[in-house]
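So you know, we letter chains A, B, ... as the sequences are listed, proteins then strands, and number each from 1. Computed from heavy atoms alone, side chains included, the values below leave out hydrogens, waters and symmetry copies.
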Amino acid sequence: MARRRRRPRSFYARHPLEVAPDLIGSVLVHGGRSGRIVEVEAYCGADDPGSHAFRGRTPRTTTMFGPAGHLYVYFSYGLHWCANVVCGAEGEAGAVLLRAVAPVTGIEAMRAARARARRERDLTAGPARLCQAFGVDGSFDGTDLVKAERGLTIVDDGAVAPPAAASTRVGLSSGEDLPWRWYVRGDPNVSGRPR
DNA sequence: ACCGGGATGTTCT
DNA sequence: GAACATCCCGGTG
């Protein structure tokens, strides 16, 4: 069993376009549940028309403008929670959206939390699905992954990261041409298909 | 497999 | 009042 090492603050303090591909293959951990990250998207603050931070700081986006390594959780389409890791220098509002993981441990707990999922690959394929599977909601907004607040963190278990392919991001009406999504090609847990 | 529409409510203009 | 970093279900082929 390889040693699990928490990602340090310096890992997240880089530009989101560097952090995003490096997060592929890392492991998201919450209590007994864990999953290997297979799909992410980078959001680049004021430089990025697709980012919630593009039009400046608002009550909702406050966490994104804070220090790297904290979790930015937002409510989507009136139904779902989605989670990002804040990246880059404080105030730049960079973030990486966690879009999909491959379940590793705690799969029974994930199934219980995702009772509606019919197929196994629907357990954690998609930003809202993975939050539901891991029990992440708005109360986790602002928690520090480096300190593993509330048991939530991201670790490097030493496994060789699978190669990541790049594509445009999913579901945007602005910034839709920027190739800022990374995913493991062929992994069944990846959500939105690249064009 | 692929596609279309409804759910649902916060956020910001 | 419109937009929204989504998901699920039921249709069709």
Side-chain angles (χ1 to χ4, degrees), chain A residues 12 15-17 19-21 23-24 28 35 37-66 68 70-88 92-103 110-142 145 154 164-195:
Chain A
Y12 303 111
H15 194 276
L17 293 178
V19 177
L23 273 174
I24 297 289
L28 179 68
I37 296 170
V38 295
E39 183 187 356
V40 296
E41 286 175 354
Y43 288 87
C44 300
D47 303 327
D48 180 1
S51 171
H52 291 165
F54 184 62
R55 287 176 178 78
R57 182 179 182 143
T58 67
R60 176 176 63 157
T61 60
T62 295
T63 299
M64 255 202 296
F65 286 82
H70 289 237
L71 203 68
Y72 164 54
V73 183
Y74 70 93
F75 197 47
S76 175
Y77 288 93
L79 291 164
H80 310 296
W81 297 102
C82 298
N84 300 249
V85 186
V86 177
C87 295
E92 287 183 356
V96 174
L97 173 65
L98 304 175
R99 287 197 58 92
V101 306
M110 296 184 198
R111 272 200 268 266
R114 295 261 315 125
R116 301 171 64 131
R118 298 167 170 259
R119 300 171 305 184
E120 195 70 12
R121 66 175 181 271
D122 288 336
L123 227 42
T124 54
R129 288 170 177 157
L130 94 79
C131 279
Q132 199 177 8
F134 277 73
V136 170
D137 61 21
S139 69
F140 285 79
D141 182 48
L145 298 177
I154 293 175
S167 81
T168 55
R169 296 174 291 183
V170 174
L172 299 192
S173 56
S174 230
E176 64 269 34
D177 296 329
L178 298 165
W180 289 352
R181 168 177 177 258
W182 286 267
Y183 63 101
V184 178
R185 195 187 294 279
D187 190 295
N189 300 284
V190 168
S191 65
R193 290 286 175 280
R195 299 182 302 188

Checklist line | Results of ring-ring contact (aromatic ring centres under 6.0 Å, His included) for A:Phe54 - residues two or more places apart only | finding: none
Notebook entry, point to check: Which atom names give the shortest non-hydrogen contact between A:Trp182 and A:Ala166, and what distance separates them?
Noted result: NE1-CB, 3.9 Å
Note to self: Heavy-atom nearest nucleotide on DNA chain C for A:Ser173 versus A:Arg116: which residue maps closer to 5'?
What the structure shows: A:Ser173
Item checked: N/O donor-acceptor pair under 3.5 Å between A:Asn84 side chain and A:Ala95 backbone -> no
Notebook entry, point to check: For A:Met64 and B:dC12, what is the distance between atoms CE and C1' respectively, to the nearest whole Å?
Noted result: 14 Å
Under 3.5 Å, which donor-acceptor pairs link side chains of residues 37-52 of chain A to any protein atom two or more places apart or in another chain?
{"unit_1": "A:Glu39", "atom_1": "OE1", "unit_2": "A:Ser191", "atom_2": "N", "d": "2.7"}
{"unit_1": "A:Glu39", "atom_1": "OE1", "unit_2": "A:Ser191", "atom_2": "OG", "d": "2.8"}
{"unit_1": "A:Glu39", "atom_1": "OE2", "unit_2": "A:Arg99", "atom_2": "NE", "d": "2.8"}
{"unit_1": "A:Glu39", "atom_1": "OE2", "unit_2": "A:Arg181", "atom_2": "NE", "d": "2.9"}
{"unit_1": "A:Glu39", "atom_1": "OE2", "unit_2": "A:Arg181", "atom_2": "NH2", "d": "3.1"}
{"unit_1": "A:Glu39", "atom_1": "OE2", "unit_2": "A:Ser191", "atom_2": "OG", "d": "3.1"}
{"unit_1": "A:Glu41", "atom_1": "OE1", "unit_2": "A:Tyr43", "atom_2": "OH", "d": "2.7"}
{"unit_1": "A:Glu41", "atom_1": "OE2", "unit_2": "A:Val170", "atom_2": "N", "d": "2.7"}
{"unit_1": "A:Asp48", "atom_1": "OD1", "unit_2": "A:Gly50", "atom_2": "N", "d": "2.8"}
{"unit_1": "A:Asp48", "atom_1": "OD1", "unit_2": "A:Arg169", "atom_2": "NH2", "d": "3.0"}
{"unit_1": "A:Asp48", "atom_1": "OD2", "unit_2": "A:Cys44", "atom_2": "N", "d": "3.0"}
{"unit_1": "A:Asp48", "atom_1": "OD2", "unit_2": "A:Arg169", "atom_2": "NH1", "d": "2.8"}
{"unit_1": "A:Ser51", "atom_1": "OG", "unit_2": "A:Ala53", "atom_2": "N", "d": "2.9"}
{"unit_1": "A:His52", "atom_1": "ND1", "unit_2": "A:Tyr72", "atom_2": "OH", "d": "2.8"}

Margin query: Looking at A:Arg121 and A:Pro188, would you say the former's side chain and the latter's main chain have a donor-acceptor pair under 3.5 Å?
Written below: no
Next item on the list: Could you tell me which residues satisfy side chain to side chain donor-acceptor pair (under 3.5 Å) with A:Ser76, sequence neighbours excluded, listed by chain and number?
Entry: none
Next item on the list: Would you classify A:Arg60 as touching base, sugar-phosphate or nothing, given that sugar-phosphate means primed atoms plus P, OP1 and OP2, and contacts are heavy atoms under 4.0 Å?
Entry: sugar-phosphate
Margin query: With the threshold set at under 4.0 Å for non-hydrogen atoms, list the residues of residues 122-135 of chain A touching DNA chain B in residue-number order.
Written below: none
Item checked: Integer-rounded Å distance: B:dT11 P and A:Phe75 CZ -> 9 Å
Check: Does A:Gly142 offer a backbone N or O that forms a donor-acceptor pair with the side chain of A:His70 under 3.5 Å?
Finding: yes
Next item on the list: List in numerical order all residues of residues 44-59 of chain A for which some heavy atom is under 4.0 Å away from an atom belonging to DNA chain B.
Entry: A:Thr58, A:Pro59
Next item on the list: Could you name each residue pair satisfying salt bridge (Lys or Arg N to Asp or Glu O under 4.0 Å) that touches residues 124-139 of chain A, not counting sequence neighbours?
Entry: A:Asp122-A:Arg129
Item checked: Atom of A:Pro16, atom of A:Pro21 and distance for their closest heavy-atom approach -> O-CD, 4.5 Å
Checklist line | Qualifying residues under salt bridge (Lys or Arg N to Asp or Glu O under 4.0 Å), relative to A:Arg111, sequence neighbours excluded | finding: A:Glu108, A:Glu120
Check: Are the side chain of A:Gln132 and the backbone N or O of A:Leu130 linked by a donor-acceptor pair below 3.5 Å?
Finding: no
Note to self: Nearest 0.5 angstrom please: A:Phe134 CZ to A:Leu28 CG, how far?
What the structure shows: 4.5 Å
Next item on the list: Would you kindly give the CZ-to-P distance between A:Arg119 and B:dA1, to the nearest whole Å?
Entry: 8 Å
Next item on the list: Could you grab the distance from atom SG of A:Cys87 to atom OH of A:Tyr12, nearest 0.5 Å is fine?
Entry: 8.0 Å
Next item on the list: Ignoring hydrogens and angles, tell me if any N or O in the side chain of A:Thr124 forms a donor-acceptor pair with the backbone of A:Val101 under 3.5 Å.
Entry: yes
Check: Can you list the stems that include DNA chain C, where a stem is three or more consecutive Watson-Crick or G-U pairs with distances under 3.5 Å?
Finding: B:1-7 with C:6-12, B:9-12 with C:1-4
Item checked: Any residue of residues 79-88 of chain A with a heavy atom less than 4.0 Å from an atom of DNA chain C -> A:His80, A:Asn84
Item checked: Bounds of contact between DNA chain C and chain A, in 5' to 3' order, using a heavy-atom cut-off under 4.0 Å -> C:dC4 to C:dC9
Note to self: Using the side chain to side chain donor-acceptor pair (under 3.5 Å) criterion, which residues pair with A:Glu92? Sequence neighbours excluded.
What the structure shows: none
